[in-house]
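Following: one structure in structure tokens, then a few remarks.
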Amino acid sequence: MYRYLPDYIAKSIFDMDLQKLKDMGIKGLAVDIDNTLVPMNVKEPSEQAAAWVEKAKSMGFKVCILSNAMNHRAELFMDKLGIHGVGFAQKPSRKGYDKAARRMGLSHKECAILGDQLFTDIKGGVKAGFLTVFTEYLDNNEIKWVRFKRIFENRILNKHMDGIKII
């Protein structure tokens with residue numbers, strides 16, 4: 001069995017049940033940017049993304065960007081959304097997850113990672129001890145390397161889908 005499976009799957013962050021996460025004791029949400037918060041190559045947060053962040057904050061969650069995007073891109077999203085975060089996080093390394101937890105002032109067990117890539121977002125979240133939520137990617141206009149990885153991610157997910165809960 002592949003050991004880096006997500007705890008949950010959601011169609012998108014916009015469709016997931018945040019109350020369930022809260023009921024599980026999750027207090028902080030680390031969110032990937034590209035194809036999780038906004039479609040790939042979108043230059044700044046959409047109104048939908050900003051509304052989702054505000055909804056999560058109004059429910060008592062701390063929200064943090066956790067992205068492998070270059071620092072200037074991640075910082076633009078942080079500034080526009082009024083949240084902290086980590087750019088160039090080097091996921092799946094634990095380093096970025098540790099920084100995200102510290103910036104939210106929470107233990108790893110109180111944090112969830114929401115992301116669209118199994119080999120970066122989810123693998124790193126499992127290694128770091130975050131609750132992991134895999135989201136379907138928002139747009140298939142991706143760089144070749146990511147499209148290539150998706151072939152293997154889909155094989156793994158399809159093989160183990162029965163054991164993963166929907167949130």
Side-chain angles (χ1 to χ4, degrees), residues 3-10 12-14 16 18 21-22 24-139 141-143 145-146 149-150 153 167:
R3 64 185 236 189
Y4 296 114
L5 292 173
D7 296 304
Y8 295 93
I9 289 182
S12 75
I13 61 171
F14 309 110
M16 66 188 317
L18 291 175
L21 291 176
K22 191 171 185 172
M24 287 185 253
I26 298 300
K27 297 178 181 175
L29 304 173
V31 185
D32 179 49
I33 295 174
D34 291 313
N35 265 339
T36 303
L37 187 61
V38 296
M40 188 73 131
N41 300 316
V42 169
K43 302 269 188 247
E44 58 184 50
S46 63
E47 288 182 24
Q48 183 184 30
W52 182 86
V53 167
E54 287 307 312
K55 174 186 174 186
K57 287 166 59 175
S58 74
M59 292 179 70
F61 288 106
K62 294 183 179 183
V63 182
C64 174
I65 294 291
L66 183 57
S67 176
N68 280 350
M70 299 306 265
N71 281 326
H72 66 275
R73 177 166 169 73
E75 287 170 3
L76 173 95
F77 275 77
M78 290 179 239
D79 290 344
K80 297 257 182 187
L81 295 171
I83 57 177
H84 295 291
V86 180
F88 198 60
Q90 301 175 344
K91 296 178 285 184
S93 167
R94 279 188 59 135
K95 184 177 163 183
Y97 294 84
D98 293 342
K99 283 182 182 178
R102 274 195 311 273
R103 289 189 179 152
M104 290 188 282
L106 300 170
S107 72
H108 290 151
K109 290 181 182 181
E110 296 173 303
C111 298
I113 176 67
L114 315 178
D116 69 296
Q117 290 193 49
L118 189 62
F119 298 146
T120 56
D121 304 312
I122 303 306
K123 183 176 182 178
V126 170
K127 288 179 2 181
F130 279 37
L131 183 129
T132 56
V133 180
F134 180 82
T135 63
E136 293 180 23
Y137 51 95
L138 298 174
D139 182 18
N141 181 20
E142 300 176 301
I143 58 175
W145 171 243
V146 173
K149 289 192 310 181
R150 295 253 188 239
E153 288 180 343
I167 192 161

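These numbers were taken from a predicted model, which means no experiment stands behind them. Numbering of residues begins at 1 and proceeds along the displayed sequence. These numbers come from the heavy atoms of this one structure, side chains and all, not from hydrogens, waters or symmetry mates.
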Taking side chain as C-beta onward, heavy atoms only, is [X] less than 4.5 Å from [Y]?
{"X": "V38", "Y": "I33", "answer": "yes"}
{"X": "I167", "Y": "M24", "answer": "yes"}
{"X": "K91", "Y": "Y97", "answer": "yes"}
{"X": "T135", "Y": "D32", "answer": "no"}

Let me confirm one number: the [atom1]-[atom2] distance from [X] to [Y], rounded to the nearest 0.5 Å.
{"X": "I113", "Y": "C64", "atom1": "CD1", "atom2": "SG", "result": "8.5 Å"}
{"X": "L37", "Y": "Q48", "atom1": "CG", "atom2": "CD", "result": "9.0 Å"}
{"X": "L76", "Y": "R73", "atom1": "CG", "atom2": "CZ", "result": "8.0 Å"}
{"X": "D121", "Y": "K123", "atom1": "CG", "atom2": "NZ", "result": "12.5 Å"}

Taking all heavy atoms of [X] and all of [Y], pick out the closest pair and write down the distance.
{"X": "M104", "Y": "L29", "result": "SD-N, 3.8 Å"}
{"X": "Y4", "Y": "I122", "result": "O-CG2, 3.6 Å"}
{"X": "I13", "Y": "W52", "result": "O-NE1, 2.9 Å"}
{"X": "L106", "Y": "C111", "result": "CB-SG, 3.9 Å"}
{"X": "A128", "Y": "H108", "result": "O-ND1, 3.3 Å"}
{"X": "F134", "Y": "L118", "result": "CE1-N, 3.7 Å"}

Task: Backbone of K27 reached by a side-chain donor or acceptor of E110 within 3.5 Å - done: no
Task: Heavy-atom donor-acceptor pair, N68 side chain to Q90 backbone, under 3.5 Å - done: yes
Open item on the list: Walk me through whether D7 and T132 qualify under side chain to side chain donor-acceptor pair (under 3.5 Å).
Closed with: CA-CA 5 Å; D7 296 304; T132 56; 3.1 Å; yes
TODO: List for me each residue that meets side chain to side chain contact (heavy atoms under 4.5 Å, CB included) alongside M78, sequence neighbours excluded, and say none if there are none.
DONE: I65, A74, E75
- [ ] For M70, look at atom CE and say whether over 12 heavy atoms of other residues, nucleotides or ligands are found less than 6.0 Å away.
- [x] no
Open item on the list: Does K22 have more than 12 heavy atoms from other residues, nucleotides or ligands lying within 6.0 Å of its NZ?
Closed with: yes
Distance-only check: which donor-acceptor pairs under 3.5 Å involve side-chain atoms of residues 79-87, not counting sequence neighbours?
none

